[in-house]
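Working notes for the structure below.
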Amino acid sequence: MARIVVGMSGGVDSSVAALLLHRAGHEVIGVFMKNWEETDADGVCTAEADWADVRAVCDGIGIPYYSVNFAQEYRDRVFSYFLEEYQAGRTPNPDVLCNREIKFKAFLDFALKLGAEHLATGHFARIGEARERRTLLRGVDANKDQSYFLHMLGQNALGKAMFPVGGLTKAEVREIARQENLPTCNKKDSTGICFIGERDFKQFLQTYLPAQPGDMRELDTGRVVGRHDGLMYHTLGQRRGLDIGGCGDGRSWFVVGKDLTNNVLLVAQGEDHSALYTTGALAIQETWVAGEPPVGLGTPFRCTAKYRYRQPDQAVTILRTAEGLRVTADDPQRAVTPGQSVVLYDGDVCLGGGVIDHMW
RNA sequence: UGGGGUGUCGCCAAGCGGUAAGGCACGGGACUUUGACUCCCGCAUUCGUAGGUUCGAAUCCUGCCACCCCAG
């Protein structure tokens with residue numbers, strides 16, 4: 001019997017997380033975070049509806065609930081970085097930062113101040129133990145595993161975190177919610193940037209960053225094949241939005257690079273174009289769940305990696321160097337992108353990861 | 001202006017008298033706690049325009065318009 005704060009989003013997963021802990025006899029407190037103040041382009045504030053769902057779920061379970069606002073922290077520690085990265089021509093992953101800086105730092109501190117022993121969320125991941133240390137494990141449901149987004153968590157956060165639904169499948173979670181008649185049992189999974197939600201990306205960025213239109217050039221020939229409204233609106237491997245039609249041999253065009261100094265978007269034709277594939281990548285800002293890397297500098301280490309969320313595991317060899325982590329894949333990887341996270345695994349154990357700086 | 005050529009969806013492009021392929025782009029949806037990729041669906045009652053021939057034309061004929069090339 002412990003006091004546990006559950007971070008509740010208004011979705012099924014965190015609803016069931018709270019329910020399970022309550023059933024287990026813990027003193028559960030539901031807390032909803034509002035970290036983004038603006039409504040979306042249509043004037044809809046989904047946060048209001050989510051908060052209403054949290055209240056309904058907590059009332060149904062019979063636990064107290066609160067709402068907290070970390071909008072300031074979110075802007076300072078996550079969103080500002082998000083904008084800086086886009087301005088620098090990279091493609092950031094705000095959600096991995098959000099987990100480290102907000103959910104499992106600012107919010108965790110808040111929970112501890114409430115006298116909670118643990119902070120639980122509805123993430124599909126598990127916590128294990130090995131050699132006196134906490135380990136981060138994949139969620140049992142391979143299709144919903146969210147360890148990718150949690151790879152920046154360290155021993156301190158994992159020592160307090162709980163993931164009650166990590167051992168369940170999504171179907172089981174929904175079934176439990178249905179049996180208990182939780183109002184969120186049939187709610188659609190949320191997507192989009194955490195706390196901000198699904199947006200028209202270009203429109204969204206437009207309101208925060210000035211854009212500089214420029215040329216789009218074919219990588220192989222250098223010829224101009226179109227115009228772009230701003231390099232930040234495109235990311236490597238992207239197809240949609242280029243607006244190039246009837247040009248070349250009829251195949252689709254993809255973004256293969258950004259020439260920042262000339263403000264030129266480099267594109268190539270065909271989904272199998274060689275410029276879309278690389279095997280080597282340098283990851284910087286490496287973080288390790290265990291608090292330290294699995295091997296020392298200069299010693300190659302075999303493991304698997306995900307270069308993006310939900311990607312099947314890729315066999316890689318990592319080598320720690322003074323510049324960063326060199327990640328070499330056995331097979332060519334498509335559209336590895338600077339700013340994105342490469343997350344490493346040893347079996348079911350998430351080791352940590354780094355931010356992709358460049359590829360070759 | 002004289003000679004030749006071309007005008008079919010935003011772009012490329014089939015069609016050659018029998019009632020508008022396809023690709024790209026775009027839009028919508030599915031998938032998805034980043035950004036992407038991927039998948040599915042949709043997308044010209046109309047063929048530069050005005051007439052004519054024909055049971056029937058984008059396909060044949062005529063005028064006009066536009067653009068391109070060669071002459072000049």
Side-chain angles (χ1 to χ4, degrees), chain A residues 7-14 33 35-36 46-47 50 74 78-79 81-83 85-86 88-103 121-125 139 141-152 163 165 170 187-202 204-205 209 216 225-227 230-256 258 267-273 276-277 306-312 333-343 353 355-356:
Chain A
M8 299 189 70
S9 64
V12 236
D13 304 335
S14 54
M33 269 188 286
N35 295 343
W36 192 251
T46 51
D50 290 334
Y74 187 80
V78 179
F79 201 65
Y81 165 84
F82 172 82
L83 295 179
E85 285 291 286
Y86 269 111
R90 291 185 287 270
T91 307
N93 185 329
D95 290 358
V96 295
L97 247 199
C98 176
N99 282 322
R100 186 179 73 184
E101 296 298 325
I102 306 299
K103 290 176 185 162
T121 66
H123 284 106
F124 281 94
D141 188 335
N143 192 48
K144 296 296 292 186
D145 169 41
Q146 291 172 319
S147 58
Y148 178 92
F149 288 108
L150 299 169
H151 80 276
M152 282 188 175
F163 306 127
V165 302
K170 184 75 190 193
K187 193 167 172 181
K188 191 183 188 311
D189 290 1
S190 66
T191 57
I193 300 172
C194 197
F195 297 119
I196 296 178
E198 201 85 61
R199 303 296 180 105
D200 177 313
F201 204 70
K202 189 170 173 181
F204 180 67
L205 265 191
L209 294 174
M216 295 194 310
V225 291
R227 297 279 298 171
L231 290 180
M232 68 184 81
Y233 300 134
H234 302 88
T235 190
L236 299 194
Q238 185 167 357
R239 169 182 172 175
R240 307 212 92 188
L242 293 181
D243 209 19
I244 307 173
C247 186
D249 61 19
R251 285 138 81 212
S252 298
W253 292 80
F254 295 86
V255 176
V256 294
K258 295 182 181 184
V267 297
Q269 204 165 12
E271 59 198 336
D272 55 351
H273 194 284
L276 242 23
Y277 292 85
K306 289 183 191 300
Y307 291 82
R308 50 172 52 76
Y309 178 52
R310 284 171 58 82
Q311 180 188 28
Q333 299 296 310
R334 187 180 191 283
V336 175
T337 306
Q340 290 284 293
S341 296
V342 56
V343 178
V355 177
I356 296 158

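A note on names: the letters A, B, ... follow the listed sequences, proteins ahead of strands, and every chain is numbered from 1.
Remark on RNA chain B: of its neighbouring residues A:Tyr309 and A:Gly241, the 5'-side contact belongs to A:Gly241, judged by nearest-heavy-atom nucleotide. The nearest heavy atom of RNA chain B to A:Asp249 and to A:Pro92 marks one nucleotide each, and the one closer to the 5' end goes with A:Asp249.
Nucleotides B:rC61 and B:rG17 have their C1' atoms positioned 13 Å apart, rounded to a whole Å. The gap from the P atom of B:rG7 to that of B:rC39 amounts to 33 Å, rounded to the nearest Å. One P atom belongs to B:rA20, the other to B:rA58, and the distance between them is 9 Å to the nearest Å. Distance noted for atom P between B:rG3 and B:rU59: 24 Å (whole Å). Rounded to a whole angstrom, the distance from the P atom of B:rU19 to that of B:rC11 is 27 Å. Comparing B:rU45 with B:rU49, their P atoms sit 12 Å apart, to the nearest whole Å. Taking atom C1' in both B:rU34 and B:rC9, the straight-line distance is 36 Å, to the nearest Å. Here the separation of B:rG42 from B:rG52, taken at their P atoms, is 38 Å to the nearest Å.
Applying side-chain contact (heavy atoms from CB on, under 4.5 Å) to A:Phe82 and the options A:Leu97, A:Leu205, A:Asn93, A:Asp95 leaves one that passes, A:Leu205.
Comparing B:rU33, B:rC24, B:rG35 by their closest approach to the side chain of A:Phe201 singles out B:rG35. You'll find that the side chain of A:Thr235 is closest to B:rG35, out of B:rU32, B:rU33, B:rG35. The side chain of A:Asp243 lies closest to B:rC26 when the candidates are B:rG35, B:rC37, B:rC26. Side chain of A:Thr191, nearest nucleotide from B:rC24, B:rG35, B:rU32: B:rU32. Of the candidate nucleotides B:rC24, B:rU33, B:rG35, B:rG35 has the atom lying nearest to any side-chain atom of A:Arg308. Closest to the side chain of A:Lys144, from the set B:rA36, B:rU33, B:rG35, is B:rU33.
Interface remark: the A:Arg251 side chain does not form any donor-acceptor pair with the B:rG23 base, using a distance-only criterion of under 3.5 Å. Contact of A:Glu271 with B:rU38 (side chain to base): no donor-acceptor pair of N or O atoms is detected under 3.5 Å.
Base pairing of B:rG2 is made with B:rC70, judged by Watson-Crick or G-U wobble geometry with both donor-acceptor distances under 3.5 Å. Pair check for B:rG35 finds none; no Watson-Crick or G-U wobble contact set falls under 3.5 Å. Taking a pair to require two hydrogen-bonding distances under 3.5 Å in either a Watson-Crick or a G-U wobble arrangement, B:rA50 pairs with B:rU62.
Within the 4.5 Å cutoff, the side chain of A:His273 has no heavy atoms near those of the A:Arg251 side chain. Put simply, the side chain of A:Gln146 reaches to within 4.5 Å of the side chain of A:Tyr309, judged on heavy atoms. Between A:Met152 and A:Glu101 the shortest side-chain heavy-atom distance does not fall below 4.5 Å. With contacts defined as side-chain heavy-atom distances shorter than 4.5 Å, the pair A:Leu242/A:His234 qualifies. Contact of the A:Cys98 side chain with the A:Tyr74 side chain is registered, since non-hydrogen atoms from C-beta on lie closer than 4.5 Å.
Atom-to-atom, CZ of A:Phe79 to P of B:rG35 comes out at 12 Å; the value is rounded to the nearest Å. Atom CZ in A:Arg240 sits roughly 11 Å away from atom C1' in B:rC37 (whole-Å rounding). When rounded to the nearest whole Å, the span between CH2 of A:Trp253 and C1' of B:rC24 equals 11 Å. Atom CG in A:Leu150 sits roughly 13 Å away from atom P in B:rU34 (whole-Å rounding). Taking atom NE2 on A:His234 and atom C1' on B:rC37, their separation rounds to 15 Å, with Å as the unit. Atom CE in A:Met232 sits about 14 Å away from atom P in B:rA36, given to the nearest Å. To the nearest angstrom, P of B:rG29 lies 12 Å from CG of A:Asp200. Going from atom CG of A:Leu242 over to atom P of B:rA36 covers 12 Å, rounded to whole Å.
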Just distance, no hydrogens or angles: give the donor-acceptor pairs under 3.5 Å from side chains in residues 333-340 of chain A, sequence neighbours left out.
residue, atom, partner, partner atom, Å
A:Gln333, OE1, A:Gln311, NE2, 3.0
A:Gln333, NE2, A:Gln314, OE1, 2.8
A:Gln333, NE2, A:Asp331, O, 2.9
A:Thr337, OG1, A:Ala335, O, 2.9
A:Gln340, NE2, A:Thr91, O, 2.9
A:Gln340, NE2, A:Pro92, O, 3.3

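Using a 90° window around 0 for the glycosidic torsion, B:rC37 falls inside it and is classed as syn.
Salt bridge status for A:Lys170 with A:Asp13: present, with a side-chain N to carboxylate O gap under 4.0 Å.
The residue A:Asn99 sits close to a base: some heavy atom pair falls under 4.0 Å.
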Between the protein and nucleotides 6-13 of chain B, list every N/O to N/O distance that falls short of 3.5 Å.
residue, atom, partner, partner atom, Å
B:rC11, O2', A:Gly245, O, 3.1
B:rC11, O2, A:Gly246, N, 3.1
B:rC12, O4', A:Gly246, O, 3.2

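With sequence neighbours excluded, no residue forms a salt bridge (Lys or Arg N to Asp or Glu O under 4.0 Å) with A:Arg308.
Counting only distance, with no hydrogens or angles, the side chain of A:Glu85 and the backbone of A:Arg90 share no donor-acceptor pair below 3.5 Å.
Here A:Ser9 does not reach the OP1 or OP2 of B:rU33: none of its side-chain N or O atoms lies under 4.0 Å away. The shortest distance between the side-chain N/O atoms of A:Lys103 and the OP1/OP2 oxygens of B:rU33 is not below 4.0 Å.
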